[in-house]
Number of protein chains: 2
Amino acid sequence: MGKQMTEMLKGTLEGIVLAILAVQPAYGYEITARLRDQGFSDIVEGTVYALLIRIEKRGLVDVEKVPSEKGPPRKVYSLNASGGEYLEEFWGTWGFLAERIDKLQHHIENTQEKGE
Amino acid sequence: MGKQMTEMLKGTLEGIVLAILAVQPAYGYEITARLRDQGFSDIVEGTVYALLIRIEKRGLVDVEKVPSEKGPPRKVYSLNASGGEYLEEFWGTWGFLAERIDKLQHHIENTQEKGE
DNA sequence: CCTAGGTACTCTGCATAACTAACTACCACT
DNA sequence: AGTGGTAGTTAGTTATGCAGAGTACCTAGG
């Protein structure tokens with residue numbers, strides 16, 4: 001989706017993945033596939049795996065190794081209490097930002113109506 | 001506002017500043033002050049100036065030096081045609097991302113209603 | 001047997017962008 | 001001379017996503 005999206009995903013991708021895990025536990029390959037289904041077609045596998053390791057190190061998720069029928073064992077991640085709090089914080093930050101940006105956008109629309 | 005906001009601003013701050021300039025031309029110090037007024041209380045001056053230089057190098061804005069009564073000359077930035085296109089693209093990218101994230105959030109709310 | 005391909009995860013190096021923190025410069029007032 | 005508000009610059013750090021290659025496990029076809 002281009003450079004703009006890449007930069008915008010910094011900081012939001014983490015929340016997106018945590019939100020996916022809040023619905024139900026999942027493993028990396030599955031999360032990547034789900035992101036692709038939801039329209040994030042350019043998100044790279046390596047990015048997701050790195051992110052998962054990061055949030056694991058921060059203690060936001062619990063991990064369980066589960067054997068797979070079709071390949072190497074899966075690392076199934078699930079959101080824990082700490083991750084839940086962090087996700088709440090994320091919603092707060094996101095909400096704040098989204099509100100300001102929406103206001104700016106509407107302000108421009110109104111300006112253009114009157115102005116040009 | 002903390003680390004989450006810092007990361008989330010990557011990619012969006014640029015759009016925010018371009019949007020401010022779309023309303024009317026402004027200089028760096030003024031933009032910083034306006035951002036602070038709008039609730040981005042922790043945004044650092046250096047960040048804004050660096051961003052302005054970046055978008056100038058990319059040709060998204062025109063610059064004019066205007067003497068100030070109260071200090072060094074101001075660099076007044078105004079959005080040009082190229083910047084306008086880029087801002088349109090930004091709205092598209094932002095809209096896409098905001099839509100997915102909002103859907104995820106509502107999905108979680110519904111899941112929690114039924115589930116726990 | 002061994003090659004191709006799907007599943008699943010790891011790793012190194014790179015680019016970008018925001019932050020920290022200091023600095024320069026101009027002006028007014030005391 | 002010193003303080004403080006205005007206005008912009010710079011060097012170094014950190015965090016995160018991408019590119020691209022590699023490892024490992026399993027199944028099916030030639």
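Chain A is the first sequence line, chain B the second, and so forth, proteins listed ahead of strands; every chain is numbered from 1.
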Please list, one pair per line, the donor and acceptor atoms closer than 3.5 Å that link side chains of residues 69-80 of chain B to other protein atoms, with sequence neighbours excluded.
from  : atom 1 : to    : atom 2 : distance (Å)
B:R74 : NE     : B:Y27 : OH     : 3.3
B:R74 : NH2    : B:Y27 : OH     : 3.2
B:N80 : OD1    : B:S82 : N      : 3.1
B:N80 : OD1    : B:G83 : N      : 2.8
B:N80 : ND2    : B:G59 : O      : 3.0
B:N80 : ND2    : B:D62 : OD1    : 3.2

Discussion item. Distance check needed: D:dT16 C1' versus B:M5 CE, whole Å only.
Written reply: 17 Å
Worksheet entry | B:E14, nearest nucleotide to its side chain (from C:dA17, D:dA15, D:dG17) | C:dA17
Fill in: Which atom of B:W91 lies closest to which atom of B:A19, heavy atoms considered
CZ2-CB, 4.0 Å
Can you check nucleotides 7-12 of chain D for protein contacts, nitrogen or oxygen pairs under 3.5 Å, and list what you find?
from  : atom 1 : to    : atom 2 : distance (Å)
D:dA7 : OP1    : B:S68 : OG     : 3.0
D:dA7 : OP1    : B:R74 : NE     : 2.6
D:dA7 : OP1    : B:R74 : NH2    : 2.5
D:dA7 : OP2    : B:Y27 : OH     : 3.2
D:dG8 : OP1    : B:K75 : N      : 2.4
D:dG8 : OP2    : B:G28 : N      : 3.3
D:dG8 : OP2    : B:Y29 : N      : 2.9
D:dG8 : OP2    : B:Y49 : OH     : 3.3
D:dT9 : OP1    : B:K75 : NZ     : 3.2

Discussion item. For A:K103, is there any backbone N or O sitting under 3.5 Å from a side-chain donor or acceptor partner on A:H107?
Written reply: no
Worksheet entry | Side-chain H-bond candidate by donor/acceptor type, A:E14 with A:Y86, under 3.5 Å | yes
Item to complete: Measure from CG on B:L18 to C1' on C:dA17 and round the result to the nearest Å.
Response: 14 Å
Worksheet item: Are B:E7 and B:K3 within salt-bridge range, i.e. N to O under 4.0 Å?
Response: no
Worksheet entry | Expected output: side-chain B:T93 to main-chain B:E89 donor-acceptor under 3.5 Å | yes
Practice prompt. Check the distance between D:dT16's P and B:K3's NZ and give it to me in whole angstrom.
Written response: 6 Å
Worksheet item: For A:F40 and D:dC18, what is the distance between atoms CZ and C1' respectively, to the nearest whole Å?
Response: 16 Å
Worksheet entry | Distance below 4.0 Å between A:R54 side-chain N/O and D:dA15 OP1 or OP2 | no
Worksheet item: Atom CD of A:E7 to atom P of D:dC18: distance rounded to whole Å?
Response: 9 Å
Fill in: A:R100 NZ/CZ over A:F96 ring centroid, <6.0 Å and within 45° of normal
yes
Discussion item. Any base atoms under 4.0 Å from B:L13, or only sugar-phosphate, or nothing? Heavy atoms, all strands.
Written reply: sugar-phosphate
Item to complete: Take the protein atom CD1 of A:I31 and the nucleotide atom P of C:dA8, then report the distance between them rounded to whole Å.
Response: 12 Å
Worksheet item: Roughly how many Å is it from NZ in A:K10 to C1' in D:dG17, rounded to a whole number?
Response: 5 Å
Worksheet item: Please give, in whole Å, the distance from D:dG5 P to B:R36 CZ?
Response: 13 Å
